[in-house]
Amino acid sequence: MDTSAAALRVVVTAGGAGIGLAIATTFAAAGARVFVCDVDRDALGALRAAHPGIGSARADVAAPAEVAALFEAADAFLGGLDVLVNNAGVAGPTARVEDVSVADWDRTLAVDLSGMFYCTRLAVPRLKAAGGGSIINLSSIGGRLGYPLRAPYAAAKWGVVGFTKSLAIELGPANVRVNAIQPGVVEGDRVDRVIAARAAARGVAVEEARRQFLAPISLGRPVRAQDIANMALFLASPAGASISGQALSVCGDHGYLA
């Protein structure tokens, strides 16, 4: 099975830490040239120190002008584009819908959905100029299941699936494949913060909230950021050459969200 990324030119949003960093380093190890953005300057500094071959720039994907500057910087570093990984996202508030502020709703959708559009609209002409390529959008199991107390996040991640499937049809004739990955509970600081917020919102201990969070997973454990990176590499590589328009869960068989 050919999962090489040799000669691929790849942009990964929010690539300074977590899932994005795992994706960026996995593609680089497979032979790709990689450029990332992130809003966290410290994370970008650590990335540059540890992986000097990966290009980077600070950018907030919710700001169209910053996205435009990102792609100009990526053009200078990569000389073209073959793969876009739309990874940037925020968890949004954990609250009952009547307690969600308009500002929190707007920010969650701005990063998790509109930011994906801002990046994609600039990436597509570059992918077409390259003769085709791949777009990989990070959704979530919150984009296939109901997600109480997380309505802004779930709405955005369901939107990612519709965006993905529509683009796959639109861009297929240009040899651009578009897929979504739907991670489940991914171990790390972000999920720890979500669990702590759920515990506070429900008035239970953090360990009880963690038990509830993991109970619907058949494998009984979180997935790793590396599991998500492996799927992204597969989809962009020759091994995934006939896969498009799919929303693929990497979740350990997560049956429901509570």
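In this text the structure is predicted, and so the values were computed from the model without any measurement. Index from 1, following the sequence.
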Fill in: R150 side chain to Y153 side chain, donor-acceptor N/O pair below 3.5 angstrom
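Side-chain D/A pair, R150 to Y153: absent.
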
Under 4.5 Å between any side-chain heavy atoms of [X] and [Y], yes or no?
{"X": "I195", "Y": "Q212", "result": "no"}
{"X": "P152", "Y": "D104", "result": "no"}
{"X": "L235", "Y": "Q246", "result": "no"}

Would [X] and [Y] show up in the same hydrophobic cluster when neighbours are defined by side-chain heavy atoms closer than 4.5 Å?
{"X": "F35", "Y": "L138", "result": "no"}
{"X": "V97", "Y": "L109", "result": "no"}
{"X": "V39", "Y": "L44", "result": "no"}
{"X": "V194", "Y": "I228", "result": "no"}
{"X": "V191", "Y": "V90", "result": "no"}

Test item: [X] side-chain N/O and [Y] main-chain N/O as donor-acceptor pair under 3.5 Å:
{"X": "K157", "Y": "R144", "result": "no"}
{"X": "S166", "Y": "F163", "result": "no"}
{"X": "R177", "Y": "I243", "result": "yes"}
{"X": "D227", "Y": "R224", "result": "yes"}
{"X": "N179", "Y": "G245", "result": "yes"}
{"X": "S249", "Y": "C251", "result": "no"}

Measuring from atom [atom1] of [X] to atom [atom2] of [Y], what distance do you get when rounded to the nearest 0.5 angstrom?
{"X": "H51", "Y": "S56", "atom1": "NE2", "atom2": "OG", "result": "11.5 Å"}
{"X": "S101", "Y": "R107", "atom1": "OG", "atom2": "CZ", "result": "12.5 Å"}
{"X": "I141", "Y": "Q182", "atom1": "CD1", "atom2": "CD", "result": "9.0 Å"}
{"X": "L171", "Y": "S244", "atom1": "CG", "atom2": "OG", "result": "8.5 Å"}

Which heavy atom of [X] sits nearest a heavy atom of [Y], and at what distance?
{"X": "A232", "Y": "F27", "answer": "O-CZ, 3.6 Å"}
{"X": "A156", "Y": "L113", "answer": "O-CD1, 4.0 Å"}
{"X": "S4", "Y": "D2", "answer": "N-OD1, 3.0 Å"}
{"X": "V161", "Y": "G143", "answer": "CG2-O, 3.9 Å"}
{"X": "G133", "Y": "L127", "answer": "CA-CD2, 4.3 Å"}
{"X": "L145", "Y": "G255", "answer": "CD2-O, 3.8 Å"}

Worksheet item: M231 and side-chain contact (heavy atoms from CB on, under 4.5 Å): which partner among I181, V223, I136?
Response: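 Among the candidates, only I181 passes.
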
Show me, pair by pair, the donor-acceptor contacts under 3.5 angstrom made by side chains of residues 76-88, not counting sequence neighbours?
from	atom 1	to	atom 2	distance (Å)
D82	OD1	R9	NH2	3.3
D82	OD2	R9	N	2.8
D82	OD2	R9	NE	2.8
N86	ND2	T120	OG1	3.0
N86	ND2	N137	OD1	2.9
N87	ND2	T13	O	3.2
N87	ND2	A14	O	3.0

Discussion item. Please list all pairs meeting side-chain hydrogen bond (donor to acceptor under 3.5 Å, both in side chains) that have one or both residues in residues 18-44, counting only residues at least two apart or in different chains.
Written reply: T26-Q226

Item to complete: Step through the shown structure and confirm whether more than 12 heavy atoms of other residues, nucleotides or ligands are within 6.0 Å of NZ on K165.
Response: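 Yes, NZ of K165 has more than 12 neighbouring heavy atoms, counting only those of other groups under 6.0 Å.
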
Discussion item. Would you say that more than 12 heavy atoms from the other residues, nucleotides or ligands in this model lie under 6.0 Å from the CZ of R121, or not?
Written reply: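 No - once you tally the heavy atoms of other residues, nucleotides and ligands closer than 6.0 Å, there are 12 at most.
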
Item to complete: Check the pair I135 / V124 against side chain to side chain contact (heavy atoms under 4.5 Å, CB included), numbers first and verdict last.
Response: CA-CA 9 Å; I135 300 172; V124 166; 4.2 Å; yes

Practice prompt. Scan for ring-ring contact (aromatic ring centres under 6.0 Å, His included) pairs involving residues 115-146, sequence neighbours excluded, and state none if there are none.
Written response: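 Every pair satisfying ring-ring contact (aromatic ring centres under 6.0 Å, His included) with a residue in residues 115-146: there are none.
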
Worksheet item: Which is it for L233 and N230 under the side chain to side chain contact (heavy atoms under 4.5 Å, CB included) test, yes or no, and what are the steps along the way?
Response: CA-CA 5 Å; L233 177 61; N230 293 344; 5.8 Å; no

Worksheet item: Is the closest basic N to carboxylate O distance between R58 and E66 below 4.0 Å?
Response: yes

